[in-house]
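Heads up, the thing below is written out as structure tokens.
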Protein chains: 2
Amino acid sequence: MATRPQQSPRRTDALSKERIVEAAIEMLDAGGEKALTFRGLAARLATGSGAIYWHVANKDELLAAATDDVISRVVTDVAGDAEPRDAIRAMALGVFDAIDMHPWAGVQLSRRPWLVALPQLFEGFGSQLEALGVPERVLFDSTSALVGHVLGAAGQNAANGRLYAEGTDRAAVLGSVAEEWARLDPARFPFVHRVAAQLPEHDDREQFLTGVDLFVTGIVTARA
Amino acid sequence: MATRPQQSPRRTDALSKERIVEAAIEMLDAGGEKALTFRGLAARLATGSGAIYWHVANKDELLAAATDDVISRVVTDVAGDAEPRDAIRAMALGVFDAIDMHPWAGVQLSRRPWLVALPQLFEGFGSQLEALGVPERVLFDSTSALVGHVLGAAGQNAANGRLYAEGTDRAAVLGSVAEEWARLDPARFPFVHRVAAQLPEHDDREQFLTGVDLFVTGIVTARA
DNA sequence: ACACGACTGGAACGCTGTTCCAATCTAGAG
DNA sequence: CTCTAGATTGGAACAGCGTTCCAGTCGTGT
């Protein structure tokens, strides 16, 4: 049988999971989820796809590792010596911005939770709620709800963002959606009809923050 | 050149987008997102994949149509003559249960919003908030936040559900996650350490409802 | 000098979404 | 009734994917 010549020279710099994850994040940021392929990754790292599999079990693990990397970086960045409400706002905004910057991570978070980053979020939000005087009895439920809200709403926003990621701009897309809403039957959709105009001009980041504030207000109010 | 024999007899019952979407939903419910393939769909409908493409542009459109079908069914089911808070709880639970029953739809919702069902959600939640006396000025933001919360938290839950969907049961998975949390450094994760025990025994549905209530409380409180 | 395990890279496999097109049906015109 | 034009079908073909497999190469310890 014919021997395989193995013509191309071997790499000198070692491959590693870190280097692979780093390259994967770059590809994901550049072209979204479907831009990450093992062939492309191999080309970018100047290797073969088989070599990658020696360091990473499969694509799912690679995506999870990339998501973990991106999220945990943000969570640890937030300092903890502010007022509880401000600290919560800061952490929530950190998550929001991270997911906004890496939308593929948002999808991943709503797909495979219990990530390494999750305990960090729980710890951060939970301890601040405790500082706000939320009683032990409802602390776990409140924290779960808050974490779920932040991840859910941020992911939701990232999904919207992807719509006008390529080419078309935000205002145009939202404008056309607003037109659609305005065309709906005013008898069946009076409310939608009325607020359609506000759709194109709202600020996603601020709206997200409003939601977090409302949530904290609810928790604090129910505390009594 | 050789003619193609086209041996198998033609179907008598017409193909249609509705029939295709219906079959797709069955496949998605049975085996999740990756169980839906055009080949499998063609086999189930006793046709070829090409025929499906005459009715449906591509897989994305098919997924969007299936999601719309499942979600809008639930939204229109909720009657509207209850107390505002109860109506909101009922609608939220409807969405929660729908996504819980069809987890693939949850992923889809956090991926491609502005679905046909979205105006219905906006209308439902928005009009109830209005009935609660939320002033016009913050009505749009509050409704957006509430819709985002419901979709986000429900999707989040569905993602968790998929972890113990196949084989392993919920209690076992949550138990092992709780153990992992308990093993974390108590100095760095005091809060997580403390609430880990509550993780396996909490009720997702109830926790979701708690979150919605907290949110509404926050909105009502901020109304003043 | 040698051997052995860690590591590499590219070929190959089975599957996917999608495109293409001959074959076939249906409806209406003449 | 015949003919034809368009709507619809089904399956072959294509490019590309994740994954597996394995011959080859390197670095290290003896």
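Just so we're on the same page: letters track the sequence lines, and every chain starts at 1.
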- prompt: Parallel, tilted or perpendicular: which fits the ring planes of A:F215 and B:F215, with parallel below 30° and perpendicular above 60°?
  reply: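 The rings of A:F215 and B:F215 stand perpendicular, inter-plane angle above 60°.
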query: Which word best sums up how the rings of B:H202 and A:F140 line up, parallel for under 30°, tilted for 30 to 60°, or perpendicular for over 60°?
result: perpendicular
Could you tell me the separation between the [atom1] atom of [X] and the [atom2] atom of [N], rounded to a whole number of Å?
{"X": "A:R44", "N": "C:dG9", "atom1": "CZ", "atom2": "P", "result": "16 Å"}
{"X": "A:R19", "N": "C:dT8", "atom1": "CZ", "atom2": "C1'", "result": "13 Å"}
{"X": "B:L41", "N": "C:dT16", "atom1": "CG", "atom2": "C1'", "result": "14 Å"}
{"X": "B:Y53", "N": "D:dC14", "atom1": "OH", "atom2": "C1'", "result": "13 Å"}
{"X": "B:E61", "N": "C:dT18", "atom1": "CD", "atom2": "P", "result": "11 Å"}
{"X": "B:I52", "N": "C:dC20", "atom1": "CD1", "atom2": "C1'", "result": "16 Å"}
{"X": "A:W54", "N": "D:dT20", "atom1": "CH2", "atom2": "C1'", "result": "16 Å"}
{"X": "B:N58", "N": "C:dT16", "atom1": "CG", "atom2": "C1'", "result": "14 Å"}

- request: With DNA chain D as reference, determine whether A:K34 or A:A57 sits nearer its 5' end, using the nearest nucleotide of each.
  value: A:K34
Quiz item: A:R39 side-chain donor-acceptor pair to D:dG16 base, under 3.5 Å: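 Answer is no: no donor-acceptor pair is held.
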Look at the side chain of [X] and decide which nucleotide, out of [options], has an atom nearest to it.
{"X": "B:L15", "options": "C:dT8, D:dT9, D:dG18", "value": "D:dT9"}
{"X": "A:K59", "options": "D:dC17, C:dT8, D:dT9", "value": "D:dC17"}
{"X": "A:F38", "options": "D:dG18, C:dT8, D:dT20", "value": "D:dG18"}
{"X": "A:T47", "options": "C:dT8, C:dT16, D:dT8", "value": "C:dT8"}

- prompt: Base, sugar-phosphate alone, or nothing: which one does B:L36 contact when heavy atoms must sit under 4.0 Å apart?
  reply: sugar-phosphate
message: Assess the residue pair B:W104 and B:L36 against the criterion (side chain to side chain contact (heavy atoms under 4.5 Å, CB included)); give the C-alpha distance rounded to whole Å, side-chain angles, the decisive distance to 0.1 Å, and a yes or no.
response: CA-CA 11 Å; B:W104 48 270; B:L36 177 64; over 6 Å; no
field: Step-by-step side chain to side chain contact (heavy atoms under 4.5 Å, CB included) determination, B:V173 to B:N160
entry: CA-CA 10 Å; B:V173 173; B:N160 294 351; over 6 Å; no
task: Check the pair B:Y53 / B:F38 against side chain to side chain contact (heavy atoms under 4.5 Å, CB included), numbers first and verdict last.
output: CA-CA 9 Å; B:Y53 274 90; B:F38 273 82; 3.5 Å; yes
